[in-house]
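Below is one structure, written out as structure tokens, with a few remarks after it.
Keep in mind that what you see is a predicted model, and the values were worked out from it rather than measured. Each chain gets a letter, A, B and so on, in the order its sequence line appears, and its residues count up from 1.
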There are 2 protein chains.
Amino acid sequence: MSAMNAQIQPILKIGAVAKAAGVSIDTVRFYEGRGLLPSPQRSASGYRLYDQSTIERLNFIGRAKGLGFTLNEIMLLLDLQDKGGSKAEVKSITGAKLEQIERKIEDLQRMRSVLGKLNSDCSGSGSVTGCPIIEALVDGDSDDCCK
Amino acid sequence: MSAMNAQIQPILKIGAVAKAAGVSIDTVRFYEGRGLLPSPQRSASGYRLYDQSTIERLNFIGRAKGLGFTLNEIMLLLDLQDKGGSKAEVKSITGAKLEQIERKIEDLQRMRSVLGKLNSDCSGSGSVTGCPIIEALVDGDSDDCCK
DNA sequence: CTTTACTCTAGTCTAGACTCTAGGGTGTAT
DNA sequence: ATACACCCTAGAGTCTAGACTAGAGTAAAG
């Protein structure tokens, strides 16, 4: 009972893998269509049949999404894993993503500083007339930093 | 020559306002459709006719976009300006946006720290086997921070 | 008068990641 | 036998902020 145990894996239908991975059934089918999941086996009546590894793959995708990767990028990462790429290839993807994230953080920090200043400059009471926030948008005082 | 000078404003066609505001003609029409710009006067042949104030309004929109506001939010701000809202209403919009920006910055910083660590943990040479980046995605070591 | 530049409407397309719909078949419990 | 949950396909719809297209009319310059 050592070899030939390929059939022992529990067979899961789409609802079960989806639930186990915390995604919707639609999402599982959508990922299949996008090539992130291989076409699964089918039952006689056409039901998709999965095993545990699909849940792991869905978790991989979820974690990668949590780190900011797009589905296209995740597909590249999965391909490197499946077909055995190089560490350098992986690093080039993550490195690019890291730069992207850094640029986005800088943008948002810039927005935060301008908006934070405007927000604290505004008394918050009375009519909109003379509101420093609106004035800044009208006059363009903030152009240097936000456009 | 003091009163009744409403007609003196230079009349601009869509291409001119678009150019002056640094947006495309499509964008001007799109904003009109979205209600960000009022329906302009039309020439006998149906051309949209604008005056200077439209350029200012487009600049307002551009600056607000630069601060991270969506077109829907910008519409609210413009309404407050047009119909005379209160400073409190303006502040509630900008305050919410500020919080949103802060949350997004935190998300991105979290991603950056996880990804930065993984990226520097990976030697970058050799096959993908044992790559700490891929391993983290497979094993879920990063779940605490990225999902 | 002709060329070139501009404008009009209505509609389609993009990216990203799903989500939903319609109209049907399957499986199991009572 | 029938109710109910589950599954199937194909395709359309969602959101954001426009970009682009076709086919046609208009304006200004030479």
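Residue A:R48 is in sugar-phosphate contact alone, with no base atom involved, counting any heavy-atom pair closer than 4.0 Å across all strands shown.
As rounded to whole Å, 14 Å separates atom P of C:dT7 from atom CD of B:E32. Computed from coordinates, the B:L49 CG to C:dT7 C1' distance equals 11 Å when rounded to whole Å. Computed from coordinates, the B:F30 CZ to C:dT9 P distance equals 16 Å when rounded to whole Å. Look at OH on A:Y31: it is 8 Å from P on C:dA17, rounded to the nearest Å. Between the CD atom of B:Q41 and the P atom of C:dT7 there is a distance of 16 Å, rounded to whole Å.
In the model, A:D26 has no side-chain atom that pairs as donor or acceptor with a side-chain atom of A:S24 under 3.5 Å. Between A:E89 and A:S92, the side chains place no donor N or O within less than 3.5 Å of an acceptor N or O (distance only, hydrogens not considered).
Scored by the salt bridge (charged side-chain N to carboxylate O under 4.0 Å, His left out) test, A:K97 finds A:E73 as partners (sequence neighbours excluded). Evaluation of the salt bridge (charged side-chain N to carboxylate O under 4.0 Å, His left out) rule for B:R112 yields no partner, not counting sequence neighbours. Applying the salt bridge (charged side-chain N to carboxylate O under 4.0 Å, His left out) criterion to B:K117, with sequence neighbours excluded, gives B:D121. Under the rule for a salt bridge (charged side-chain N to carboxylate O under 4.0 Å, His left out), B:K91 has no partner lying at least two apart in sequence or in another chain.
Looking at which nucleotide of DNA chain C each of B:D26 and B:G15 is closest to, the 5′-most match is held by B:G15.
Side-chain atoms of B:R42 lie closest to C:dC8 of the nucleotides C:dC20, C:dC8, C:dT26.
Non-hydrogen atoms lying under 4.0 Å from DNA chain C are contributed by A:T70, A:L71, A:N72, all within residues 68-75 of chain A.
Between A:S45 and C:dG27 there is a side-chain polar atom (N or O) within less than 4.0 angstrom of OP1 or OP2. For A:S24 and C:dC18, the shortest distance from a side-chain N or O to OP1 or OP2 is not below 4.0 Å. In this structure, A:K13 does not reach the C:dT28 phosphate: none of its side-chain N or O atoms is under 4.0 Å from OP1 or OP2.
The shortest non-hydrogen separation linking B:A136 to B:L118 is CB-CD2, 3.7 Å.
A 4.0 Å heavy-atom criterion places the boundary nucleotides of DNA chain D facing chain B at D:dT16 to D:dA27, written 5' to 3'.
No N or O donor and acceptor, one from the side chain of A:Y47 and one from the base of C:dG27, sit under 3.5 Å apart.
Salt-bridge check for A:R57 with A:D82: passed, with a basic side-chain N closer than 4.0 Å to an acidic carboxylate O.
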Q.
Evaluate B:N72 against B:T70 for side-chain hydrogen bond (donor to acceptor under 3.5 Å, both in side chains), listing each step before the verdict.
A. CA-CA 5 Å; B:N72 279 336; B:T70 66; 5.2 Å; no
